[in-house]
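One structure is given here, and the rest of the page talks about it.
When reading the values below, keep in mind they use all heavy atoms of this one structure, side chains included, and skip hydrogens, waters and symmetry mates.
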Amino acid sequence: FSVDNNSSFSHHWSIGKMLGVGFAASVVVGLLVFAGFFFYYFSVVWGGGEQSAALAGKFNKKDSTLSAVAGSSARSVFGREIEKWENMVRPHMAWYGEARAPITVLLFVDMECPYCKKAHEPFFKMINTFSPMVRVGFKHFPVEQLHREARMAGKAAQCAAAQGKFFDMYSAFMENTEALNDEYILSIARSKGITMPAFSACLASEKIDVMLDADVEDGLRIGVRGTPTYVVNGKMYEGVLSEEEWRRIMVSAIAEIKK
C-alpha cells in the first residue's frame, strides 16, 4: 500500500480551498442578512424619526418632545399616554364605526405608506371584531419627502369624505399604495361613483390643505414618528401590529372603561 504525497497534498489543498470558499460565502451571507436587518431597523425605527424631523422643519416646529422621540430608538412609544388627546378630534375628520363607541382610535395615516398597507388588514379585522365598542377617526400624516403622491391621495380621500366615500377611497389606496398617481386617483374616484365636478373643485380648494396641515400639526405635537400611528383612548401605538397585539390593546382599553 503506497501514498502519493503530491496527490495527497493536492487533495487536502482542494478540501481546504472548498472550506475556505464556504466560510467566505457564509461571511458574505451573514453580512447581507445584517445589512438587511439594519436597513429594516433604520427605516422602521429611525426612519420614523426622520419623517417627523422633516415634517417639523416644514412647519417650523422646534418641539423638544418630538426631538427626543425622533432621536432615540430605545425609547418606546407603545402605550404612551397622550394628554388632552380629545383636542385632536377635528370637525373635518372621517369616521369608521359607531359614533357613540366608548373606544376611539385616531389613526395617523399616509396613503402611500407601505407599512400602512401592511397594517390595514389586521387593524380593521380587529375593529370589526370589537364593533360596536370601537370607532376609528382618520388623521392625515403624508410624508411627502418619501411619498410624492401621499398628499394628493390624502386630499382625494378627504374630498371623497364630503360625498360619503372616504372609506371607499382609503381602502382602494391601501390595496395598491405603489400605484398612486393623479390618473389612478381620478380613476378610483370615478369607479366609486364620486361626482367629479365637485370632487375636482374640492381638490383645488385651499381649505382641504388646511385640513391636512391641521392633522399633521397634531401628529407633530404628540411626537408621531411615522405611519401608521394610533392613539387608542389616549394611548399611543405605532407600526404594524399583529392581531394578538391588537387583541391585548382592546382588552386593556375595555378594562379601563369599566373601572
Residue pair [X] / [Y]: nearest heavy atoms and the distance that separates them:
X: Ala153; Y: Phe173; answer: O-CE1, 3.3 Å
X: Thr177; Y: Met111; answer: CG2-O, 3.5 Å
X: Met93; Y: Met88; answer: SD-O, 3.5 Å
X: Ala101; Y: Pro132; answer: CB-O, 3.5 Å
X: Leu203; Y: Cys159; answer: N-SG, 3.5 Å
X: Met196; Y: Ala189; answer: SD-CB, 4.0 Å

Following the transitive rule for hydrophobic clusters with a side-chain heavy-atom cut-off under 4.5 Å over Ile, Leu, Val, Met, Phe, Trp and Tyr, establish whether [X] and [Y] coincide in one cluster.
X: Ile185; Y: Met174; answer: yes
X: Phe78; Y: Met250; answer: yes
X: Val232; Y: Ile254; answer: yes
X: Val136; Y: Ile257; answer: yes
X: Met211; Y: Phe108; answer: no

Exercise for the section: Side-chain contact test, heavy atoms from C-beta onward, threshold under 4.5 Å: evaluate it for Phe141 versus Leu107 and give yes or no. Expected result: no

Exercise for the section: Please tell me if the side chains of Ile249 and Leu241 come closer than 4.5 Å, counting only heavy atoms from C-beta onward. Expected result: yes

Keeping the roles fixed (side chain from [X], backbone from [Y]), state whether a donor-acceptor pair exists under 3.5 Å.
X: Ser242; Y: Glu245; answer: yes
X: Ser131; Y: Asn128; answer: no
X: Lys139; Y: Val216; answer: no
X: Glu112; Y: Glu149; answer: yes
X: Asp168; Y: Ser191; answer: no
X: Glu238; Y: Pro228; answer: no

Would the [X] and [Y] ring centres measure less than 6.0 Å apart?
X: Tyr96; Y: Phe138; answer: no
X: Tyr170; Y: Phe167; answer: yes
X: Trp246; Y: Phe124; answer: no

Exercise for the section: State whether a side-chain donor-acceptor pair under 3.5 Å links His92 with Asp215. Expected result: yes

Handout entry: The single option from Asp213, Asp110, Asp182 passing salt bridge (charged side-chain N to carboxylate O under 4.0 Å, His left out) against Arg151
Key = Asp213

Rounded distance (nearest 0.5 Å) linking atom [atom1] of [X] with atom [atom2] of [Y]:
X: Cys113; Y: Leu180; atom1: SG; atom2: CG; answer: 11.5 Å
X: Ile127; Y: Met133; atom1: CD1; atom2: CE; answer: 12.0 Å
X: Arg248; Y: Glu243; atom1: CZ; atom2: CD; answer: 12.5 Å
X: Gln158; Y: Cys202; atom1: CD; atom2: SG; answer: 7.5 Å

Handout entry: Identified side-chain contact (heavy atoms from CB on, under 4.5 Å) partner of His140 from the options Thr227, Leu212, Asp218
Key = Leu212

Practice task
Going by the side-chain contact (heavy atoms from CB on, under 4.5 Å) test, name the single residue among Asn233, Val134, Val231 that passes it with Val105.
Solution key: Val134

Greater than 12 external heavy atoms within 6.0 Å of [X]'s [atom1]:
X: Glu183; atom1: CD; answer: no
X: Arg90; atom1: CZ; answer: yes
X: Glu83; atom1: CD; answer: no

Problem - Criterion salt bridge (charged side-chain N to carboxylate O under 4.0 Å, His left out) on Lys125 and Glu121, from CA distance to verdict - result: CA-CA 6 Å; Lys125 183 175 182 179; Glu121 184 175 345; over 6 Å; no

Practice task
Output, in order, the C-alpha distance, side-chain angles, deciding distance and verdict of side-chain contact (heavy atoms from CB on, under 4.5 Å) for Tyr184 and Ile188.
Solution key: CA-CA 6 Å; Tyr184 178 77; Ile188 292 297; 3.7 Å; yes

Problem - Lys/Arg-Asp/Glu bridge criterion (N-O < 4.0 Å) met for Lys117, Glu178 - result: yes

Handout entry: Worked check of side-chain contact (heavy atoms from CB on, under 4.5 Å) between Met236 and Thr229
Key = CA-CA 7 Å; Met236 179 187 280; Thr229 293; 3.9 Å; yes

Practice task
Sort out for me which residue in Phe130, Tyr237, Tyr230 forms a ring-ring contact (aromatic ring centres under 6.0 Å, His included) with Phe123.
Solution key: Tyr230

